[in-house]
Amino acid sequence: MVFYFTSRCGKYTMYMGKHKEENEGLIKYGLPEDCWFHVDDLSSAHVYLRLQPGEALDDIPTDALLDCATLVKANSIVGLKSNTRTACLLDLNS
């Protein structure tokens, strides 16, 4: 089951898979305008942020980036216990 969230700013839909099968589904059905977030070097949820038409990565507001980073950290068993952890943002088009 894929989870859906709306960013705090209300502008973006975020999609999250908690385990391998859900994450693979997100990868398989992701759109070119999706940005992928994941905890660096650890097992974690995958979170996809769907950009608005014509938007670039640099256009994503800080609040939306924090929403995605919070979701991936909160859904990583090891990352959740860590005081500091890096969340990666990947452009699926590159």
Side-chain angles (χ1 to χ4, degrees):
M1 171 192 213
V2 172
F3 296 88
Y4 302 87
F5 301 92
T6 301
S7 63
R8 287 181 280 175
C9 66
K11 185 177 177 182
Y12 299 95
T13 300
M14 299 172 292
Y15 304 88
M16 183 180 79
K18 283 191 167 187
H19 56 70
K20 181 180 177 181
E21 290 79 19
E22 292 170 353
N23 291 341
E24 288 175 355
L26 285 171
I27 292 169
K28 183 176 180 181
Y29 296 107
L31 298 177
E33 58 268 17
D34 291 343
C35 300
W36 174 40
F37 292 79
H38 190 273
V39 173
D40 195 26
D41 295 329
L42 292 177
S43 174
S44 79
H46 288 194
V47 172
Y48 286 68
L49 177 90
R50 181 140 306 152
L51 294 177
Q52 302 296 318
E55 238 179 353
L57 293 178
D58 291 339
D59 298 326
I60 302 171
T62 302
D63 280 351
L65 293 171
L66 289 172
D67 290 342
C68 293
T70 300
L71 281 171
V72 294
K73 185 178 186 300
N75 289 282
S76 169
I77 294 168
V78 176
L80 182 60
K81 297 174 185 175
S82 173
N83 288 335
T84 59
R85 193 43 55 192
T86 301
C88 296
L89 164 61
L90 301 166
D91 182 354
L92 297 179
N93 292 313
S94 55

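Both Val47 and Met1 are assigned to one and the same hydrophobic cluster, defined by single-linkage of ILVMFWY side chains at heavy-atom distances under 4.5 Å. Linking ILVMFWY side-chain heavy atoms closer than 4.5 Å, directly or via other members, places Val72 and Leu66 in two distinct hydrophobic clusters.
Under the 30°/60° scheme for interplanar angles, the aromatic rings of Tyr15 and Tyr4 are found to stand perpendicular.
For the atom pair CD of Glu22 and CD1 of Ile27, the computed distance is 12.5 Å after rounding to the nearest 0.5 Å. Expressed to the nearest 0.5 Å, how far CG of Leu49 lies from CG of Asp34 amounts to 8.0 Å. Separation of atoms CG (Leu26) and CH2 (Trp36) is listed at 10.5 Å; rounding is to 0.5 Å.
The side-chain contact (heavy atoms from CB on, under 4.5 Å) check on Glu21 picks up His19, with sequence neighbours excluded. Partners of Phe5 by side-chain contact (heavy atoms from CB on, under 4.5 Å), not counting sequence neighbours, listed by chain and number: Phe3, Met14, Met16, Leu71. Scored by the side-chain hydrogen bond (donor to acceptor under 3.5 Å, both in side chains) test, Glu55 finds Lys11, Tyr12 as partners (sequence neighbours excluded).
Nearest heavy atom pair, residue Lys18 against residue Asn75, reads CE-OD1, 3.1 Å. Minimum interatomic distance between Cys35 and Leu57 (heavy atoms only, all atoms of both residues): SG-CD2, 3.0 Å.
Residue pairs that meet the side-chain hydrogen bond (donor to acceptor under 3.5 Å, both in side chains) test with at least one member in residues 58-69, sequence neighbours left out, are Arg8-Asp67.
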